[in-house]
Amino acid sequence: MPDLLIELRSEEIPARMQRKAAGDLRKSVTDALVDAGLTYEAAREYWTPRRLVLDVRGLTARSKDVREEIKGPSTKAPEQALAGFMRKAGLADISEAHVHSDPKKGDFYVAHISRPGRAAEEIIADVMPGIIRGFSWPKSMRWGPASMPKGLSYHGVEGRGPEALKWVRPLQSIICTFGPETEEPTVIGFEIDGLTAGNTTSGHRFHAPDPFTVRRFDDYSGKLERARVVLDAERRKQIILSDARNLAFASGLELVEDEALLDEVSGLVEWPVVLMGEFEADFLAIPDDIIRLTIKTNQKCFVLKKPGGGLSNKFILVANIEASDGGTEITFGNGKVVRARLSDALYFWTTDQANLPDLAALESSANEFGLDMTKPLDQRMAKLDHLGVTFHAKLGTQGERVSRIAKLAAELAPVVGADPKLATRAALLAKADLTTEVVGEFPELQGVMGRIYAGLQGEHASVAQAAEEHYKPQGPSDQVPTDPVSIAVALADKLDTLIGFWAIDEKPTGSKDPYALRRAALGVIRILVENGVELNLLSSVASDVQVLNNQKGMAVRSEELGADLLSFFHDRLKVYLRDQGARHDLIDAVITPASDDLLDINRRVEALAAFLDTEDGKNLLAGTKRAANILAAEEKKGTRIAEAVDPALFELEAERNLFNAVTQSVSLAGQAIEKEDYAAAMSALATLREPVDSFFEAVLVNAEDDGVRANRLALLAMIRQATGAVADFSRIAG
């Protein structure tokens with residue numbers, strides 16, 4: 001079967017856009033081909049800085065003929081209905097339709113539509129211009145004569161203004177070939193903005209700029225390789241990683257690997273050449289994190305470390321050219337820039353260790369927060385408060401926010417097993433590095449520098465750790481803090497953020513979440529669940545709302561805010577638990593509007609899932625749902641249900657056995673729930689399986705006697721109440 005090769009070659013595409021763009025190209029093309037009636041066996045996308053490539057294998061040579069019937073209105077239908085039918089079926093006159101008969105509905109029109117299949121070449125030529133014109137880039141540009149305003153021309157090319165082709169960078173050539181392995185492929189020569197698709201491309205910008213022709217993918221990729229272009233991004237990554245490791249090993253060093261940087265660098269080169277640069281050893285006095293980020297951010301280079309020790313003064317760079325001098329000038333130039341940037345970093349680092357020049361002006365802030373002005377990080381916190389840096393116009397300054405976080409962290413500390421004094425101290429210093437020179441230059445080091453500076457001034461290890469970890473987790477793959485002090489400050493930070501924005505009614509709406517409140521809520525959930533922390537959220541909400549009201553003169557009602565915020569937490573918890581593999585119906589069965597202990601919800605879901613996997617659980621679920629359905633039906637009809645079960649009205653042994661079993665299991669399950677031992681509670685409920693089954697086999701609930709019927713319905717209500725202590729079984733599927 002024929003194969004399709006597409007290459008879109010342009011000026012350099014930003015590395016961060018390449019992978020997604022190649023995937024979008026594959027999806028757009030294959031979707032369009034399938035919609036047109038073609039099928040294919042496999043499709044794979046490739047990308048380099050200068051090209052997006054699609055290899056489609058086993059594409060059908062022609063779409064199938066289509067025959068279908070479109071049912072129309074009655075032959076007696078009004079003209080308006082007939083006109084609509086003809087438009088839908090593509091008929092010029094109603095006489096082109098066939099008349100079918102139905103014994104009940106009478107005669108009606110049917111259009112017999114027959115569309116012949118189309119050649120794949122014709123379909124590809126039709127869909128590709130639209131795909132290229134409509135391609136979605138985060139940023140795009142127009143260029144060349146066609147981009148001039150309408151009515152103007154340049155060298156005979158008419159300007160089209162906004163209608164000109166937009167692409168991420170100027171598009172230079174298009175390849176589009178189609179055909180089987182055994183034959184010469186066809187060139188599908190569609191045209192777009194003066195570019196005609198062909199079978200010609202060029203290789204590396206410097207090593208092989210001359211054009212060459214290609215046939216199909218294997219021929220194309222082989223010729224590209226000889227023209228110094230490694231097409232496969234994963235292979236470019238492996239070349240870079242392997243060569244970097246080997247070069248480091250040859251110098252007695254180890255590569256500090258960075259997957260994100262490796263991804264980015266592989267998108268900057270078509271022919272990776274790995275080299276080693278060097279800077280002065282004096283710069284190693286700077287903390288490793290600053291050196292690594294300086295070299296990564298400014299030069300896209302990897303750092304090296306000594307075996308079992310700190311960083312080396314050598315680094316790895318990746319060039320896109322095999323230089324005639326072996327890369328000497330390239331490494332020299334990169335080293336020159338690295339030295340300049342490290343010189344700046346050293347200045348920032350040294351400045352942060354010195355006293356601030358305006359200490360006298362900071363005394364008021366220092367006294368308010370109980371800061372030690374002999375310590376640099378304390379000075380920075382005083383400066384943060386003194387400057388009145390705004391957190392949010394309606395929520396006050398960073399200083400006011402730190403005050404709230406410190407109070408809440410102290411209250412949370414006993415709950416999470418932390419020392420309240422250490423939690424308070426950590427909260428006071430957690431945001432202090434925002435005013436440091438290093439963080440001003442490298443915002444990515446926020447928190448990291450707080451930890452380093454706190455350690456330098458002799459803070460408790462947990463306080464220093466919390467300065468960095470209170471921001472965690474910052475995403476689903478990020479680790480949660482585990483040190484109790486870090487947990488207390490991280491929870492306080494995230495809860496205050498959520499409570500504050502709820503107080504001013506700045507909640508996430510649809511896909512918009514400018515303050516990352518969903519991420520903050522998920523962070524709270526993960527910290528509580530993964531650390532096994534039992535926390536009554538509504539109590540924490542009430543405490544922080546009170547402080548916020550006092551600070552800002554608000555009149556926020558903590559009960560209303562707490563209920564709404566708790567509902568938001570429930571929604572995020574459902575997402576989290578579903579991602580962990582929990583069934584949605586079990587989550588719904590456990591959560592109630594008042595459930596404010598998220599760890600407790602998680603434990604109940606786990607216990608319920610384990611119970612329902614057993615035979616007893618499945619059978620009890622069936623019996624409980626049967627009881628609930630009968631009760632719901634009778635309650636809807638207004639049937640009388642006794643307020644309490646009267647054993648004197650029992651007529652059968654199965655009633656008495658069920659009553660005794662429910663009474664006993666309620667007692668045992670209640671004791672287990674008080675101890676939060678939900679597995680034991682489920683075991684207690686499991687004893688109901690046999691008496692419930694026996695009851696429904698032997699007993700007619702809707703007895704003729706009103707008193708007996710009401711008593712039996714009350715017995716079913718006992719079953720519902722007993723199981724409801726753990727979960728609402730009526731919400732469980734099955």
Does Asp378 pair with Arg425 as a salt bridge, N-O distance under 4.0 Å? yes
Could Arg380 and Asp433 be called an ion pair, given the rule that one side-chain N must be under 4.0 Å from one carboxylate O? no
Honestly, is Arg656 close enough over Phe650, meaning NZ or CZ under 6.0 Å from the six-membered ring centre and within 45° of the axis? no
Check against side chain to side chain contact (heavy atoms under 4.5 Å, CB included), Ser694 and Asn657: CA-CA 9 Å; Ser694 298; Asn657 291 342; over 6 Å; no
Taking 4.0 angstrom as the limit, do Asp544 and Lys407 come out as a salt bridge? no
Give a yes or no on whether a salt bridge exists between Asp496 and Arg404, defined as a side-chain N under 4.0 angstrom from a carboxylate O. yes
Using the six-membered ring wherever Trp is involved, compare the ring planes of His392 and Tyr515 and label them parallel, tilted or perpendicular (cut-offs 30° and 60°). perpendicular
Taking the basic N atoms (NZ, or NE/NH1/NH2) and the acidic carboxylate oxygens, is any pair closer than 4.0 Å for Glu651 and Arg712? yes
Under 6.0 Å from the CD atom of Gln664, do we count more than 12 heavy atoms belonging to anything else shown? no
Neighbour count above 12 (heavy atom, 6.0 Å) for Arg557 CZ: no
With side chain to side chain contact (heavy atoms under 4.5 Å, CB included) as the test, would you mind laying out the steps for Gln479 and Lys472 before giving the verdict? CA-CA 7 Å; Gln479 292 183 337; Lys472 293 179 176 289; 5.6 Å; no
Which heavy atom in Ala680 sits nearest to a heavy atom in Ala672, and how many Å separate them? CB-CB, 3.8 Å
